[in-house]
Amino acid sequence: MNTITAAPVKPRTITFDEAIEHAGFGRFQKKLMVICGLGWAADSMEVLLISFVLPAVAAEWGLVPAQLALLGTAIFLGMLAGAWVWGRLSDLLGRKVGFISTVAIDSVFGLLSAFAPSFPWLVGLRALTGFGVGGTLPVDYSIFAEYLPAEKRGRYLVLLESFWALGVVAAAGLAWLLVPNPNFGWRWLLGVSAVPGLIIFFIRRTIPESPRYLLVNGKTEEARQVLERVARENGRELPDLPLQPIRETAQRSRSRDLWRPELRRTTLLLWVMWFAISLGYYGVFTWLPTFFRSSGMESLPVYQNSFILALAQLPGYFSAAYLVEKLGRKRTLALYLAASGVFTYLFAVVGSLTSMVVMGVWMSFFTLGAWGALYAYTPEAYPTNLRGTGMGAASGMTRISGAIAPSLGAALMGGGTVALVLPLTVFAIAFLIAGGAALALPIETSQKPLADTI
């Protein structure tokens, strides 16, 4: 009589995506969004406040436009190095190392900038500030995306980007209050802007490592412990099942994997988009107070209207956060980038200061909404073991064009309103090129689970 041996029953497990769905969206993710977002707001203050201090710095040290452009470029060169270094390190060493270190670097050197004894010292300190700022983008967006359930991911990644606008509003408001005031000035602006980051540094130390990163790197039990903590904070409970390991845990990504056949087109188009949108955005906003002055606006209204344009960025983000789930990432990106180009050109050619401010408001609205959609799409386009590298490389394109934009604006801009048409037309075309690249993206990432390995 033949004995039939039953096949061994495999123990039931739970996948990461099932576990993150059980852990839910709640208090933990909202807290993480605020912690990431406040750091992001502090970074935006460090980047954009330079546009407000340029006239005062020029007056103190007798600088010419070419020197001022160098100051604007310095922080972007630091950001380029920071994006590439910290993006890669976040894939090799984990998200938390950069999550803590980058905000400390940009805040410490941002504070030291306020005490710069000479222009060369200021340029060097701003470059070191940028090294920290550049690292926050790939690290923060990687760790936040990896804690989000699929149906919440697009909207909340855009909302995280909206904290950039809060930083711009804060920078514009502080510049309005401090720079024209003879009792304070540009050094106070640099010093005060660095304080929030120093506070956030201590808060970030309480956030655990990304559980998806832990799982991909073979630390299954540690990943489950983090997920249990997330579930508890959200008032939920994980099923009493082991977390399913990922087969390719031994595989370590390389930077050249961004150009594998299945990722090549995505990487190329994302690099084009990040480069072009940054050229347009920083080309306009680095010189925004100067554009207003060249059009005949007095000093106080310059700061007031810069503040108004900063406020317009917030509804731009919120509308994009809604549309990335309704229209999808690609179509929202293309729509907002095309509108950014149109209103940037209209900002240059309208005939009155009032119309210029109105067109500027719409330009600001659509440009920052486009940024939000781009920040949502990019981390979703790469697997976990390449996500930080992909985000860092893409944002590196931003830093290259951000370094070019101030000098390009200085070269194209002359005196008088008519001279503003040329640089702003160039920046408008950059937005339109980015919009075309968005339409050509090969995949729509909306509502899809994140990939773990290539």
Side-chain angles (χ1 to χ4, degrees), residues 17 80 83-84 87-88 90-91 134 137-139 141-142 145-146 148 150 153-154 157-158 161 212 216 246 248 251-281 320 323-341 367 369-402 404 429-454:
D17 289 310
L80 172 62
W84 286 348
R88 188 65 187 140
S90 74
D91 285 336
L137 186 155
V139 176
Y141 277 83
S142 294
E146 290 165 4
L148 292 171
R153 199 169 54 239
L157 285 173
V158 177
E161 164 66 1
R212 190 181 285 270
V216 167
I246 294 174
E248 299 89 343
Q251 180 179 353
R252 175 158 284 187
S253 66
R254 300 156 297 180
S255 297
R256 65 174 179 267
D257 288 333
L258 295 173
W259 297 100
R260 290 168 66 105
E262 64 269 32
L263 291 175
R264 187 178 301 148
R265 182 178 172 186
T266 297
T267 295
L268 176 61
L269 290 170
L270 284 173
W271 284 19
V272 169
M273 292 172 66
W274 283 85
F275 184 92
I277 190 175
S278 180
L279 189 71
Y281 175 73
L323 290 177
V324 290
E325 303 295 359
K326 296 297 181 180
L327 294 180
R329 319 300 198 237
K330 289 172 55 176
R331 284 189 286 184
T332 302
L333 264 170
L335 172 64
Y336 276 60
L337 285 165
S340 299
T367 302
W371 269 119
L374 186 56
Y375 275 90
Y377 184 93
T378 305
E380 296 177 329
Y382 293 105
T384 300
N385 65 342
L386 201 59
R387 187 163 296 120
T389 302
M391 283 290 290
S395 64
M397 296 301 103
T398 299
R399 311 319 173 194
I400 293 172
S401 59
I404 294 170
I429 292 171
F431 286 129
L432 296 176
I433 291 172
L439 289 176
L441 286 167
I443 59 170
E444 172 57 65
T445 60
S446 179
Q447 301 297 324
K448 293 184 178 179
L450 294 175
D452 286 313
T453 59
I454 48 178

Exercise. Could you check Tyr382 against Leu270 for side chain to side chain contact (heavy atoms under 4.5 Å, CB included), going step by step and ending with a plain yes or no?
Key: CA-CA 11 Å; Tyr382 293 105; Leu270 284 173; 3.9 Å; yes
Quiz item: When you look at Asp91 and Arg88, which way does the side chain to side chain contact (heavy atoms under 4.5 Å, CB included) test go after all the steps?
Solution: CA-CA 5 Å; Asp91 285 336; Arg88 188 65 187 140; 4.1 Å; yes
Quiz item: Quick one: CG on Leu335 to CG on Leu439, what's the gap to the nearest 0.5 Å?
Solution: 10.0 Å
Quiz item: For the side chain of Arg329 and the backbone of Glu444, is there at least one donor-acceptor N/O pair under 3.5 Å apart?
Solution: no
Quiz item: Do the ring planes of Trp371 and Tyr281 sit parallel (below 30°), tilted (30 to 60°) or perpendicular (above 60°)?
Solution: perpendicular
Exercise. Grab the two heavy atoms, one from Arg212 and one from Asp17, that are nearest each other, plus how far apart they are.
Key: NH2-OD1, 2.8 Å
Quiz prompt | Working for side chain to side chain contact (heavy atoms under 4.5 Å, CB included), residues Leu263 and Leu386 | solution = CA-CA 11 Å; Leu263 291 175; Leu386 201 59; 3.7 Å; yes
Self-check item: Tyr375 OH to Trp274 CH2 distance, which is reported to the nearest 0.5 Å
Solution: 4.5 Å
Quiz prompt | Flag for Ser278-Ser401: side-chain donor and acceptor within less than 3.5 Å | solution = yes
Quiz item: Rounded to the nearest 0.5 Å, what separation is found between the CZ atom of Arg387 and the OH atom of Tyr141?
Solution: 14.5 Å
Exercise. Would you sort out whether Tyr377 and Lys330 count as a side chain to side chain contact (heavy atoms under 4.5 Å, CB included), showing the intermediate values?
Key: CA-CA 8 Å; Tyr377 184 93; Lys330 289 172 55 176; 4.3 Å; yes
Quiz item: Considering all heavy atoms of both residues, which atom of Leu157 and which atom of Pro379 are nearest to each other, and what is their separation?
Solution: CD1-CG, 4.0 Å
Exercise. Hey, could you give me the CZ/OG distance between Phe275 and Ser395, rounded to the nearest 0.5 Å?
Key: 14.0 Å
Quiz item: So which of Thr367, Leu374, Ile277, Thr332 actually passes side-chain contact (heavy atoms from CB on, under 4.5 Å) with Leu337?
Solution: Ile277
Quiz prompt | Point-to-point distance, once rounded to the nearest 0.5 Å, from CE of Met397 to CG of Leu80 | solution = 7.0 Å
Quiz item: Can you find a heavy atom in the side chain of Met273 that is under 4.5 Å from one in the side chain of Leu333?
Solution: yes
Exercise. To the nearest 0.5 angstrom, please state how far the CH2 atom of Trp271 sits from the OG1 atom of Thr266.
Key: 13.0 Å
Exercise. For residues Ala376 and Val158, report the shortest heavy-atom separation together with the two atoms involved.
Key: CB-CG2, 3.8 Å
Quiz item: Shortest non-hydrogen contact from Leu258 to Gly390?
Solution: CD2-CA, 3.6 Å
Quiz prompt | Nearest heavy-atom neighbours spanning Arg265 and Ala440 | solution = NH2-O, 2.7 Å
Quiz prompt | Nearest heavy atoms of Ala434 and Ala276, plus distance in Å | solution = CB-CB, 3.8 Å
